[in-house]
Every structure is written in structure tokens, then in C-alpha cells.
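Numbers here simply count residues along the sequence, with the first being 1.
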Amino acid sequence: MSEVIIETVNVQKCFKTGDRQERLVLDSINFKMYEGEIIAVLGKSGSGKSTLLRILSGLTAPSGGTVFYRGQAVNNPVRGIGMVFQTFALLPWLTVLQNVELGLEALGIAKVERHERALKAIDMIGLDGFETALPKELSGGMRQRVGFARALVVNPDVLMMDEPFSALDVLTADNLKSDLLDLWQSKKTGLNAILFVTHSIEEAIAMADRVIVFSADPGSIRSELKITLPFPRSDIDPRFRNQVDRIYTLMTTEPQEEKIQEGMIDLGYRLPEASVSEVTGLLEILNAPEHQGKMDLPDLSNTLMLDIDNLFPLTELLQILRFARVSAGDITITDQGTAFVEADILERKKIFSIHLKKYVPLARYIYDQLVRHPHHRALEENFLSLLEDYFSENEAERVLRTVIEWGRYAELFAYDYNAGVLSLENPH
């Protein structure tokens, strides 16, 4: 059996969200990473995937539990782990060569050796001839290649990547993924394992030997799947599509969906960032004659050209409002959803308003507070203060901004951006 490189034991992470409580972001993370494997971590936005990566590499300390790297507890950044980030994180005033040399310079490597190793890494990653170029001269794909070269030049034992292809166009991303797999399979890099976070189910299946599926709020490991398909993998292979369907089913039958179906969401529920126009468009597609009110989620994702980070917030809002049901990887429009999508604009607003007050506690709370106030007005700061007991400051702002957008569409309440004041649209 292969040697264990990384092991986590009951890892937890909390972030302080207000004066009175902490929010549990990761809970009871237990897994082992072995030599010779590529692991993909999949989960909805906000499930703690990137936080886990930072904990594993020693960049962030866990609130509880322990991370072991080759049998030693991790308390500081691990020298044997290289990182590639979603943003290119290049210093704009340095050349490609100088950016790649940064890690070696931090390790105290002599200038001549630094230069030789950096040139070799640049050549290996396909950027030979661009050593003297500045980042502004490079395309997005080339800049990310510099990020890979910078991570690989230190000869890491493990390469960790945080959504490294998400900022690239499809063709550039596919090309870079193919080159990375070629490097891995040729064993030119000295890497013993790769772990990457992704929001693309297809990307995970195309590259990984094992996929870890995260549940959200708090983030925890819901399931692990071994992918035994031979390389190169084709997304039109029926076996590939079966794995896609399997993961969609897992990700749409987690406790969060059960909480929505049972009407158990509260003021502290992390509302999805979904616009009314997008969910309306999705309902119109579902209600089209050719779909008869039901679609397979992978097919819907392809139709809308959305990954799970963009698709799942829409399906989540439809479930919350009872406009659609999601089960076993399929989405089905409800009678209420059909009534909404077939109504005219004014009637849609009325239906949306009724469902918003009934099924979204935060919208109902804001409305009730405005009704009770003598002048039917309230500062948004009051609601932000409430939400900061549940979320970070940035997340509280996002959740409030989202529910304000929904409330304004429904004409449930009005909002003065400059004054930061919410009021009833029609107090009588």
C-alpha cells in the first residue's frame, strides 16, 4: 500500500462572526492522502474547501484537530507543499523569470542555482522564450503557467491548487489541464501527490483518482469516490457521464436540501446569491414543452453553461420558494413554479412576494419590522448588525444585499442606497 503523505484527524475551523458567537466552517475532517494520487475536492460555494487547503498546507491553523504531513504535526507552512492559487498572484514589476525565482530566493538558494532551476521550470511548463516578459504582456493562461512554474520550481512533494483553472477560458483551461497531467504522468516534476479544489464536476472526474465531496454549512466530508477510468478521459464516455450523474445526486441529497424541504431555514440561513431574472429564466427552460417540467441537472448545467457554483444557488432558491424540487440529480418544476412562470409581470411579482414572505424568514423579518415602525422605515445597519451574529461582515453584507434585491423585485419593501434606508413600498 502507498505511503500516507497527509492525514487529518478531527480537523475543525471556526471563524468569529460577531461579539457573541463563532461560526463553524469545517467540522470533523478526517481523511488520508497517499503517494501517487490526485485528489479533487468538490463542494458548493462557502463549504470551506479553500479553507481546508490552507489548513493542510500550514498557512492557516485549525481551531481543533491535527494535520499530519509525513507523520509530523503541521504547525507552520510546510516546505514540501507547493501552492497554486485561483488568482495569478504575480508581482507585476517582476519578469517571468524573477517571479518564478521568488520561492527559491525565500529558501536562500544561491543566485546561480536559482537561475538554472527557474529556467528549467519555465521550459517544463511551456513558457520558454518568455523569461524576460512582464505579467502584463502575458495572456491569462500564460500567467497561470507562471504560477505553476513558481510552485514546481521548489521541487514540492505535494502540489495543492485552489481552483487554478476557473479564471481561464474553456480552451485555455483544457490545454493547461492536459499539460499538467502529461507532466504528472511523465514523472518529470518529482511530485508525489496533487490535491486541488474545483467547482467543476467534469474537471474533477477528468483529472482525479479520488473525489472528495463536501457538504456545506459546516463543511464536512459527505462522500469519497474513486475514479478508475483510464486516461485520457472523455466527457462523452458513458462511464464518465455515469460518474457525473452520481456526484450530482450526492450533492443534491445532502442535509441542506432536507432542511429546505422541511421548512427549517431561519434568520441565520446562508441565502444563495441568485438573481430573480436568472431563476425566472431557468423556470422558463424547465417549463418549455420539450422538457415537460423536468430536467437532468447535468443537462441543465450544459444548457445554461453554468458550473455548480453558479447553478446550485439558482436551484437552491427555487427550492426555498417551492418553485421547483431537486431530487436524485433531477430538477422538477412545481405547480407554484408553473403558475409563476406562466403569469404576467405583475402577477409574477405578487406570487414572488407571497412566497418570499412565507419561506424566507429574513425577508419576513425585515417586512414585519417595517410594518411595526411608526414611519415604516429602518436603517439597513440594524439588519446588518443582526446578520453579523451569524456571518462574517462581508457575508452579512452579501446576504442582506441579496434579500434586498428579492424584496425590491417583489415590491415588498423599497431601498434607498444613498441613505441606507429600507421602507415599505406601500405602507397602506
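- Distance CG/Asp123 to CG/Asp128: 4.5 Å, rounded to 0.5 Å.
- No donor-acceptor pair under 3.5 Å is formed between the side chain of Glu316 and the backbone N or O of Leu314.
- When all heavy atoms of Leu400 and Glu380 are compared, the pair lying nearest together is CD2-O, 3.7 Å.
- For the residue pair Gly43 and Ile308, the shortest heavy atom distance occurs at O-CD1, 4.0 Å.
- In this structure, Ile320 and Tyr269 have side chains that are in contact, with non-hydrogen atoms separated by less than 4.5 Å.
- Using a 3.5 Å distance cut-off with no hydrogens or angles, the side chains of Ser275 and Ser277 do pair a donor with an acceptor.
- Contact annotation: the side chain of Val96 never approaches that of Glu137 to less than 4.5 Å [non-hydrogen atoms, C-beta and beyond].
- A salt bridge links Glu273 with Arg401; the closest basic N to acidic carboxylate O contact falls under 4.0 Å.
- Annotation: the span from Lys32 atom NZ to Ile5 atom CD1 amounts to 13.5 Å, rounded to 0.5 Å.
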Practice task
In sequence, state the C-alpha distance, the side-chain angles, and the governing distance for Glu3 and Arg70, and then conclude on salt bridge (charged side-chain N to carboxylate O under 4.0 Å, His left out).
Solution key: CA-CA 8 Å; Glu3 185 177 343; Arg70 296 216 176 262; 3.3 Å; yes
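- A 4.5 Å side-chain heavy-atom check between Ile221 and Ile29 finds at least one atom pair inside the cut-off.
- When side chains are defined from C-beta on, Val78 does not count as touching Leu56, because their heavy atoms never get closer than 4.5 Å.
- Between Tyr359 and His355, the angle of the ring planes lies from 30° to 60°, which puts this pair in the tilted group.
- Here the side chains of Phe196 and Ile38 are in contact, with some heavy-atom distance below 4.5 Å.
- For the pair Pro272 and Gln319, the minimum side-chain heavy-atom distance is 4.5 Å or more.
- Under the 4.5 Å side-chain criterion, counting only non-hydrogen atoms from C-beta, Ile55 is not in contact with Thr8.
- Phe214 does not carry Lys49 over the face of its six-membered ring by the limits of under 6.0 Å from the centre and within 45° of the normal.
- Within the 4.5 Å cutoff, the side chain of Glu163 has heavy atoms near those of the Asp309 side chain.
- Taking the six-membered ring where the residue is Trp, Phe323 and Phe352 present tilted rings, their angle falling between 30° and 60°.
- Between Asp174 and Lys177 there is a salt bridge, since a side-chain N of the basic residue sits under 4.0 Å from a carboxylate O of the acidic one.
- Note that CD of Glu202 is 5.0 Å distant from CZ of Arg241, once rounded to the nearest 0.5 Å.
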